[in-house]
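Each remark here refers to the structure printed beneath this line.
Nothing here was measured: the structure is a model prediction, and the numbers come from that model. Chain letters run A, B, ... following the sequence lines, proteins first and then strands; every chain starts at 1.
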Amino acid sequence: MKLRPLIPVLPVFLLAMWLLLNDSVSPGHLVLGAVFALLVTVAIARLRPLPAWPRRLYVAIGLIFHVLIDIVRSNLAVGRIILGASRYQPTVGFMKIPLDMRDPHGLAMLAVIITGTPGTVWAGHDAENNVLTLHVLDLKDEAAWVRTVKQRYERPLMEIFE
Amino acid sequence: MSASDVPLWAALPAAFLLVCGGLLTVIGSLGLLRLREFYARIHAPTMGSTLGAGCVLIASMLASSALAERPVIHELLITVLILITSPVTAMLLMRAAMFRSKS
Amino acid sequence: MNVILPWAVHFALACFVLAMIFALIRLLRGPAAQDRVLAFDTLYINGMLTILMLGIGAGSALYFDIALLIALFGFVGSTALAKFLLRGEVIEP
């Protein structure tokens with residue numbers, strides 16, 4: 001038995017997008033945006049048979065902060081590698097990480113987080129064995145990457161989506 | 001109404017963010033030239049599209065809010081769009097490169 | 001009236017133009033097709049940031065819409081190119 005979500009994600013997101021595009025919160029735009037958001041939600045329900053039910057949104061806030069900190073940190077690391085590239089070319093490499101998460105929305109979020117952080121790119125996912133292939137720019141400490149992905153990203157995502 | 005009319009409290013952080021964003025983006029694009037193989041190069045432009053674009057968009061929000069004297073946050077749309085879309089392209093390119101180097 | 005923000009805008013503008021030149025060199029030189037698509041991806045993001053810079057410099061909100069459109073269509077273009085490299089066609093039956 002799944003819990004009902006606190007907010008319907010897609011209509012609220014669409015309404016916020018409409019208001020941001022028009023750059024106003026006048027009552028007319030609120031009504032028009034709400035009507036459009038509901039219409040699009042109804043129309044798109046047939047296209048996406050698998051709705052996302054995110055829960056425990058307070059976990060998401062912590063996750064967003066972790067991701068922001070990691071983005072800043074890895075930006076500096078990648079910048080240092082590029083500036084020092086004439087002396088020392090980084091050792092690139094693939095690595096495999098076994099995952100526990102099965103939820104497709106959680107996996108999609110994990111893919112965006114990993115690829116959005118400079119220095120790591122999601123390179124593939126084996127759906128049968130649930131193994132993630134990760135490409136790393138500076139592959140020195142494999143265990144540290146496994147720890148980062150599993151504990152920093154995967155555990156909160158599992159709490160949110162499963 | 002131009003950039004020199006922005007009050008100082010907004011101009012200082014905005015200028016700092018612009019300088020940071022410009023430097024990050026130029027270093028990221030420099031990586032396209034300096035790194036030797038494709039698998040290393042694919043990591044470089046992510047710098048410009050995450051933190052570089054983020055800095056510039058926050059600075060743009062600060063400057064236009066200070067000019068209009070009300071919060072103007074529609075640059076958030078571009079931020080969200082870039083954050084969602086640039087990983088998709090990077091992932092597809094990575095898979096394309098793996099596929100092409102295999103065959 | 002202060003000069004610090006116009007100065008920063010010009011500095012960032014120079015940075016983005018330089019970044020676009022780097023991407024253009026990789027676009028013209030790049031040994032493999034995926035290098036060129038990657039360079040194109042970088043090029044449109046830098047172009048979008050340049051437009052935003054012009055918007056801050058002019059203090060006008062009109063540039064925002066152009067930047068949004070460049071971001072949208074650049075994503076569609078580079079994703080279609082990457083998909084073509086991966087599968088040999090863009091829209092599969």
* Name the option with the most non-hydrogen atom pairs under 4.5 Å to chain B; the candidates are A:Val72, A:Thr117, A:Leu76, A:Leu137. => A:Leu137
* Asked: Does any non-hydrogen side-chain atom of B:Ile27 lie less than 4.5 Å from one of A:Val78?
  -> no
* To do: Locate the shortest heavy-atom distance separating B:Ala90 from A:Val121; write the atom from each residue and the value.
  => O-CG1, 4.3 Å
* Would you say the side chain of A:Ile82 lies within less than 4.5 Å of the side chain of B:Met47, judging by non-hydrogen atoms? -> yes
* Straight-line distance of A:Asn75 CG to B:Thr46 OG1, nearest 0.5 Å -> 8.5 Å
* **Residue of the set B:Leu81, B:Val80, B:Leu77 for which side chain to side chain contact (heavy atoms under 4.5 Å, CB included) holds with A:Met17** => B:Leu77
* How long is the gap from NE2 on B:His43 to CG on A:Asp138, to the nearest 0.5 Å? -> 9.5 Å
* Where does the angle between the aromatic ring planes of B:Tyr39 and A:His135 fall among parallel (under 30°), tilted (30 to 60°) and perpendicular (over 60°)? -> tilted
* Contacting region of A:Ala16 [heavy-atom separation from chain B under 4.5 Å] -> neither
* Between A:Leu20 and B:Ile73, is any pair of side-chain heavy atoms under 4.5 Å apart? -> yes
* chain B contact via A:Thr120 - side chain, backbone, both or neither, heavy atoms under 4.5 Å -> backbone
* Asked: Do you know which two heavy atoms are closest between A:Pro118 and B:Thr50, and how far apart they sit?
  -> CG-OG1, 3.9 Å
* Structure fact -> Nearest heavy-atom approach of A:Ala123 to B:Met98 is O-SD, 3.5 Å
* Assess whether atom CZ of A:Phe94 is packed by more than 12 heavy atoms of other residues, nucleotides or ligands within 6.0 Å. => yes
* Is the count of non-hydrogen atoms from other residues, nucleotides or ligands lying under 6.0 Å from A:Arg102 atom CZ greater than 12? -> yes
* To do: Before giving the answer on side-chain contact (heavy atoms from CB on, under 4.5 Å), spell out for B:Ile84 and A:Val112 the whole-Å C-alpha distance, their side-chain angles and the decisive distance to 0.1 Å.
  => CA-CA 7 Å; B:Ile84 295 177; A:Val112 168; 5.7 Å; no
* Asked: Do B:His74 and A:Leu21 have side chains that get closer than 4.5 Å, going by heavy atoms?
  -> no
